[in-house]
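Sharing a structure here in structure tokens format.
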Amino acid sequence: MSLRRSVIVLLRGAVPTVGGRVFQAFLAPASTLSPYITVKMAARLGDTLGQQPVECYLYATQTSFVTLDILEQEVIRALHQREFVDAETGLRYILRYASSAGDAVDEERRLINRVVTFSAASAVIV
């Protein structure tokens, strides 16, 4: 199971606030109820020494940023220090919380959002 798929499956089960609504980046249907999460495998910058950034985009209705605060904490608890093995490549990943971006508004979907970033360190399993 790929890192992306592993993160999505884990978040679907470990973040009760979204009720299983976790999608690949840019693929959440426009009719998706909020709150929900999308997962993006971010571009690696420079010499990352096996580090893969994983971004979790948290979305909620434009009523209160408290929902995003709660989601952020649930996502960090679910993923920080979590280990995954990609059966296809043999890579072992350990996710670590890296940062959270500030509050933002998604004008197109008329939702508020926040990005929580993790760093996935990888190593080959021998």
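Just so you know, residue 1 is the first one in the sequence shown, and it goes up from there.
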For T32 and A28, indicate whether the former's side chain and the latter's backbone hold a donor-acceptor pair under 3.5 Å.
no

Would you find a donor on one side and an acceptor on the other, under 3.5 Å apart, between the side chain of Q24 and the backbone of R5?
no

In terms of hydrophobic clusters joined by side-chain contacts under 4.5 Å, are M41 and I8 together?
yes

Do F65 and L111 sit in the same hydrophobic cluster, where Ile, Leu, Val, Met, Phe, Trp and Tyr count as joined when their side-chain heavy atoms come under 4.5 Å apart?
no

Under the side chain to side chain contact (heavy atoms under 4.5 Å, CB included) criterion, do L10 and L79 qualify, and how do the steps go?
CA-CA 8 Å; L10 179 66; L79 297 180; 3.5 Å; yes

Any idea which heavy atoms bring A121 and Q51 closest together, and the distance?
CB-NE2, 3.4 Å

Closest contact, heavy atoms only, S64 versus I112:
O-CD1, 3.5 Å

Over all atoms of both residues, closest heavy-atom pair of Q52 and A42:
NE2-O, 2.8 Å

Closest heavy-atom contact between Y97 and I76?
CE1-CD1, 3.5 Å

Tell me, with the steps shown, if V75 and L58 meet side chain to side chain contact (heavy atoms under 4.5 Å, CB included).
CA-CA 9 Å; V75 168; L58 318 178; 3.9 Å; yes

Is there a side-chain contact between R92 and I94 (heavy atoms, below 4.5 Å)?
yes

Side chains of R110 and Q62 only: does a donor on one sit below 3.5 Å from an acceptor on the other?
no

Would you confirm whether H80, through its side chain, and R96, through its main-chain N or O, come within 3.5 Å as a donor-acceptor pair?
no

Applying side-chain hydrogen bond (donor to acceptor under 3.5 Å, both in side chains), can you list everything that pairs with T117, at least two apart in sequence or on another chain?
none

Under 3.5 Å, side chain of R21 to main-chain N/O of L33, donor-acceptor pair present?
yes

Please examine the side chains of V85 and L91, heavy atoms only from C-beta on, and report whether any two atoms are closer than 4.5 Å.
no

Flag if over 12 foreign heavy atoms under 6.0 Å of CD, Q81:
yes

Where do P29 and R109 come nearest, in terms of heavy atoms and distance?
O-NH1, 3.2 Å

Could you point out which residue of L3, L27, V22 forms a side-chain contact (heavy atoms from CB on, under 4.5 Å) with V39?
V22

What orientation do Y36 and F23 show, parallel under 30°, tilted 30 to 60°, or perpendicular over 60°?
perpendicular

Side-chain contact test, heavy atoms from C-beta onward, threshold under 4.5 Å: evaluate it for V18 versus L11 and give yes or no.
no

Aromatic ring proximity, centroids under 6.0 angstrom, Y93 and F84:
no

Please step through side chain to side chain contact (heavy atoms under 4.5 Å, CB included) for the pair F118 and V7, ending with a clear verdict.
CA-CA 11 Å; F118 295 83; V7 169; over 6 Å; no

By salt bridge (charged side-chain N to carboxylate O under 4.0 Å, His left out), R114 pairs with (sequence neighbours left out) D69, E72, D103

Taking the side chain as C-beta and beyond, is there a heavy-atom pair between T38 and F26 under 4.5 Å?
no

Can you list everything that forms a ring-ring contact (aromatic ring centres under 6.0 Å, His included) with Y57? Sequence neighbours excluded, please.
none

